[in-house]
Amino acid sequence: MRASRYNFREAEPRWQKIWDEKQVFKTRTDDPRPKYYVLEMFPYPSGRIHMGHVRNYAMGDVVARYRRAKGYAVLHPMGWDAFGMPAENAAMEKKVHPATWTYQNIATMKAQLKSMGLSLDWSREFATCDPDYYKHQQRMFLDFLKAGLVARKTSKVNWDPVDHTVLANEQVIDGRGWRSGALVEQRELTQWFLRISDFSEELLNALDGLTRWPEKVRLMQANWIGRSEGLTIRWALVPESAPAGFDTLEIYTTRPDTLGGASFMAIAADHPLAKTAGAQDPALQAFIEECRRMGTSQATLETAEKRGYDTGIRARHPFDPTWELPVYVANFILMDYGTGAIFGCPAHDQRDHDFATRYALPIKPVVRPAEMSDAEANAAFSREAPPYLDDGVVFNSGFLDGLTIAAAKEAVAARLEAETIAGAPVAARKVNFRLRDWGISRQRYWGCPIPIIHCEDCGIVPVPNQALPVTLPDDVDFDKPGNPLDRHPTWRHVPCPQCGKPARRETDTMDTFVDSSWYFARFTDPFNADSPTSPAAIAKWLPVDQYIGGIEHAILHLLYSRFFTRAMSLTGHADIKEPFEGLFTQGMVVHETYRNADGAWVSPAEIRIETGEHGRRAVEIESGREAIIGSIEKMSKSKKNVVDPDDIIASYGADTARWFMLSDSPPERDVIWSEEGVQGAGRFVQKIWRLVTEAADLPREGSTDTVPAVTRAAHKAVLSVSEDLERLRFNRCIAHIHDLSNTIAAALAERSDETGPAIREAVRVMVQLFAPMMPHLAEECWAELNEDGLVADAAWPVADPALVREDRLLLPVQINGRKRGDIEVPAEADAAAVEAMARADAAIGALLEGKPIRKVIVVPKRIVNIVL
RNA sequence: GCCCCUGUGGCGGAACUGGUAGACGCGACCGACUCAAAAUCGGUUUCCGCAAGGAGUGCUGGUUCGAUUCCGGCCAGGGGCACCA
């Protein structure tokens, strides 16, 4: 018997060094084997890696190592999403330059990732804040500009009137700036946009082709793009009620069938009609100002109480010019969507209903369930009843009565298209999208500069190619809020590239989503200094075969990347449409929360868990007082329920941490980090080591007449582990490996001269099966078993179908759907034979005694159900 | 508010396309080894019941020979909502 415990502290760094020296994970573009590109969403260098990273990168690494073993040329790179607000916050709070802070964090986190033993090609590493990266981004921006993919228009931002700075949504707390506490205002700024909305239809339709994406992500994106078919309708305004120049009001609706139930009109606070009317009505102006103080986030707008102001303007109903409706300015109408104006039908829309209730406006039902009569529907109606939103039949609506919703929509469209008002058709059919253009301007320092120069004479002038990159100045101060680029004494002053006159640089930088919209393409050839991408590398590696990241990126990052890839194709930087062929969204890492007797949050490291007859209790180690075990939540600094990967790797090793991360929960779901769970994983590592050291003494060669059970178990495990790895069901892989290890342990306990070689072989297979998850332990075991080379270079085992097949099956027998017994049948028995065997079974026969059998259902290889 | 997801023993979860609910692990309990402990090994562990048996996959109703799986309603928890990344 050898040294009985596996020493990960010594082994893990040793194997990492060997992989490194032999450049095992370095990828060559001229590798002739079929390619496989596996990518995990690159991290923001926030300071230290967290358990979410460990989970994400452990998963990606399993896929990468598995594909390598299956004979693919694998590309598995890593980099840093390095621009962003936290660096500027750190600069303000800690007086450290954003670049210094960022690169220090990268160094720390890179060391942490290395200690995990990931099979990454580090030679391709870059950070998006490297000028060598963002210079290509600036060039592509200019190419997009030339190709008509960029627009300049106004949009609203959160403005802090005290700090004189633009705030991100997360910096607005309860309508106030997070530092100044001042009430936030909406402000209009002229900004740069990428014209993603030109691709709405294309991005929506192409979702159908993304068959290896989670259905829910495709659904979320489809809803986000939000295609709707509707009608724009122009309503005549009662002339004496409306300001001069406003004869009509154009609205957009997807429910023209409910026109008969119209109760009011509502327009956005920044609708031209509202602005004009507000100029003449101080109370209205005050209401508009109030709407403007609500912040710009959708959630804020829609959860706010529905409020409005009656402008006194009246609109004439398109069906009946004597029917006049009030025009309100309402806080829940968005100028960005449709025409910024709607008609309200409270009986069939929740928001309209809320609004009508608050302002005592008419509510008239015009759609009823098909099975009701008009009279019944009218009798059943009340103002207090919730709006009816389902399909049905139109009533109370004159010429539309009796039509289905679809037919009524068509009838309204046909009628109003044919009528005219002020020399144009009253209505027009319109396909509308919710998706808006992508505003990329940020009034911040730590981002990629937008390579534009504003000249009074020449207007907007692109920075010439040879002058790229436009780099950020180093000498900036963060003593004051706002964009340091604006305040910089010299940086913004440049001669116009066209006329040479003094001009000024664009001081906005790009949204960091731009940085992450093409990094996967850059990884295919990060060595190209002249262009963003190289055609050969793009052709070889893209699309990404398996992309893995958090579900929180389901919409924005992924949609922007899909758009950006198309834009790159149009400008000759890529030759594909979809960047990510396979997508997997993993769940979060969550942990129990603890509070001490004073109600303060306490971290798990300061807690000892005791289990006794009263269940689990937590004790604060320092004070010895009992702590309260709170709910399980996403790990966050504020609730102190964080576990530091460094601590875990130091006390248990990288393999144990990786194994536990993958073991319990399905990867798409949240995983609860628990001390007991990690300890269990640690015990398993030692168990494997014991099995391997014992098996290493067994002979390799031998002969037997029969196939030992352990051999069958190993082959079955190869089959099931491979299948589950293909589908990223890591928790099931681990269960299968546990099973195999149990079978091997039993076989070892009863080993004979005959079974020795079979056990040794099964152990070798088991080592290969867990190698993608616990690579260091696997190498150590591989060497202990005296196998050739590295397990990282070994080919994946292949299952022998003959050894996996079962010739007899245990079949459950039900009576009336309840299991009453089992019968053992030959695997190939036909239905009649199985039925006969079920009836012949003693236990079943007794229960059937004297009762008539109505029906017998035999599902081959599954079940027998006898119905009495 | 809108969109999307999730809900199974004491706990994490398994159950392929509607076919034995609880694989595998954690915890707990009992036993072996030990002077003792740790480690390790063996056994038990959904609930009620001595048993026969019955109940059971958030709640509720439906479809089916058969529902964790499909459909309707409800409840609870989570993700996203365009300047957090």
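Naming convention: chains lettered A, B, ... in sequence-line order (proteins, then strands); numbering from 1 in each chain.
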Report the nucleotide, chosen from [options], that has the shortest atom-to-atom distance to any side-chain atom of [X].
| X | options | value |
| --- | --- | --- |
| E302(A) | C83(B), G12(B), G1(B) | G1(B) |
| Q191(A) | C24(B), G79(B), C83(B) | C83(B) |
| S297(A) | C24(B), C83(B), A82(B) | A82(B) |
| R436(A) | C24(B), C4(B), A82(B) | A82(B) |
| D664(A) | U20(B), C83(B), G12(B) | G12(B) |
| Q814(A) | G19(B), C4(B), A82(B) | G19(B) |
| R690(A) | U20(B), U40(B), C83(B) | U40(B) |

Once you apply a heavy-atom cut-off of 4.0 Å, does [X] come out as touching a base, just sugar-phosphate, or nothing?
| X | value |
| --- | --- |
| I555(A) | sugar-phosphate |
| W438(A) | nothing |
| H553(A) | base |
| V813(A) | nothing |
| F684(A) | nothing |
| L435(A) | base |
| N742(A) | sugar-phosphate |
| V856(A) | nothing |
| P666(A) | sugar-phosphate |
| A554(A) | nothing |

Between [X] and [N], is there a side-chain N or O to OP1/OP2 distance below 4.0 Å?
| X | N | answer |
| --- | --- | --- |
| R683(A) | C41(B) | no |
| N223(A) | C2(B) | no |
| N89(A) | C84(B) | no |
| K216(A) | C5(B) | no |
| T512(A) | A85(B) | yes |
| R818(A) | G54(B) | no |
| N169(A) | A82(B) | yes |
| R669(A) | A14(B) | yes |

Hey, which of L810(A), L811(A), D841(A) is the one that makes side chain to side chain contact (heavy atoms under 4.5 Å, CB included) with E824(A)?
L810(A)

Salt bridge present between D724(A) and R727(A) (N-O < 4.0 angstrom)
no

Is the ring centre of F513(A) less than 6.0 Å from the ring centre of W438(A)?
no

Does the separation of the ring centres of F332(A) and F355(A) fall below 6.0 angstrom?
yes

What's the gap between [N] and [M] when it is taken at their [atom1] atoms, as a whole Å value?
| N | M | atom1 | result |
| --- | --- | --- | --- |
| C4(B) | G9(B) | C1' | 29 Å |
| U69(B) | U8(B) | P | 13 Å |
| U57(B) | A67(B) | C1' | 10 Å |
| U63(B) | A55(B) | C1' | 23 Å |
| G43(B) | C26(B) | P | 14 Å |
| U6(B) | G54(B) | P | 34 Å |
| C70(B) | G66(B) | C1' | 13 Å |
| G25(B) | U45(B) | P | 15 Å |

What is the separation between atom [atom1] on [X] and atom [atom2] on [N], rounded to the nearest whole Å?
| X | N | atom1 | atom2 | answer |
| --- | --- | --- | --- | --- |
| E723(A) | U17(B) | CD | P | 10 Å |
| R218(A) | C5(B) | CZ | P | 12 Å |
| E676(A) | G10(B) | CD | P | 17 Å |
| D670(A) | G7(B) | CG | P | 12 Å |
| E552(A) | G80(B) | CD | P | 6 Å |
| Y388(A) | G73(B) | OH | P | 12 Å |
| H557(A) | C83(B) | NE2 | C1' | 17 Å |
| Q186(A) | A82(B) | CD | P | 12 Å |

Taking for each residue the nucleotide of RNA chain B with the nearest heavy atom, is it R729(A) or N865(A) whose nucleotide lies nearer the 5' end?
R729(A)

First of R854(A) and E170(A) reached from the 5' end of RNA chain B, by closest nucleotide:
R854(A)

Quick check against the 3.5 Å criterion: does N331(A) have a side-chain atom that pairs as donor or acceptor with the backbone of E305(A)?
yes

Heavy-atom side-chain contact between F8(A) and V685(A) under 4.5 Å:
no

Given ring-ring contact (aromatic ring centres under 6.0 Å, His included), test W80(A) with Y44(A) step by step and report yes or no.
CA-CA 6 Å; W80(A) 309 94; Y44(A) 178 78; 9.9 Å; no

Sole residue of T165(A), D508(A), D486(A) in side chain to side chain donor-acceptor pair (under 3.5 Å) with Q443(A):
D508(A)

Does R5(A) count as lying over the ring of W689(A), i.e. NZ or CZ under 6.0 Å from the six-ring centre, within 45 degrees of the axis?
no

Other residues, nucleotides, ligands: >12 heavy atoms within 6.0 Å of R358(A) CZ:
yes

Answer yes if the side chains of N816(A) and R854(A) hold a donor-acceptor pair under 3.5 Å, and no otherwise.
no

Is the base of C83(B) touched by the side chain of Q443(A) through a donor-acceptor pair closer than 3.5 angstrom?
yes

When the ring planes of H557(A) and Y519(A) are compared, do they come out parallel, tilted or perpendicular, using 30° and 60° as the limits?
tilted

Given pairs defined as Watson-Crick or G-U wobble with both distances under 3.5 Å, what dot-bracket annotation applies to RNA chain B, with ( ) intrastrand, [ ] crossing, | other strand and . unpaired?
(((((((..(((......[....)))((((((.......))))))(((....)))..(((((..]....))))))))))))....

Assigned chi class of G9(B) under the 90° convention is syn

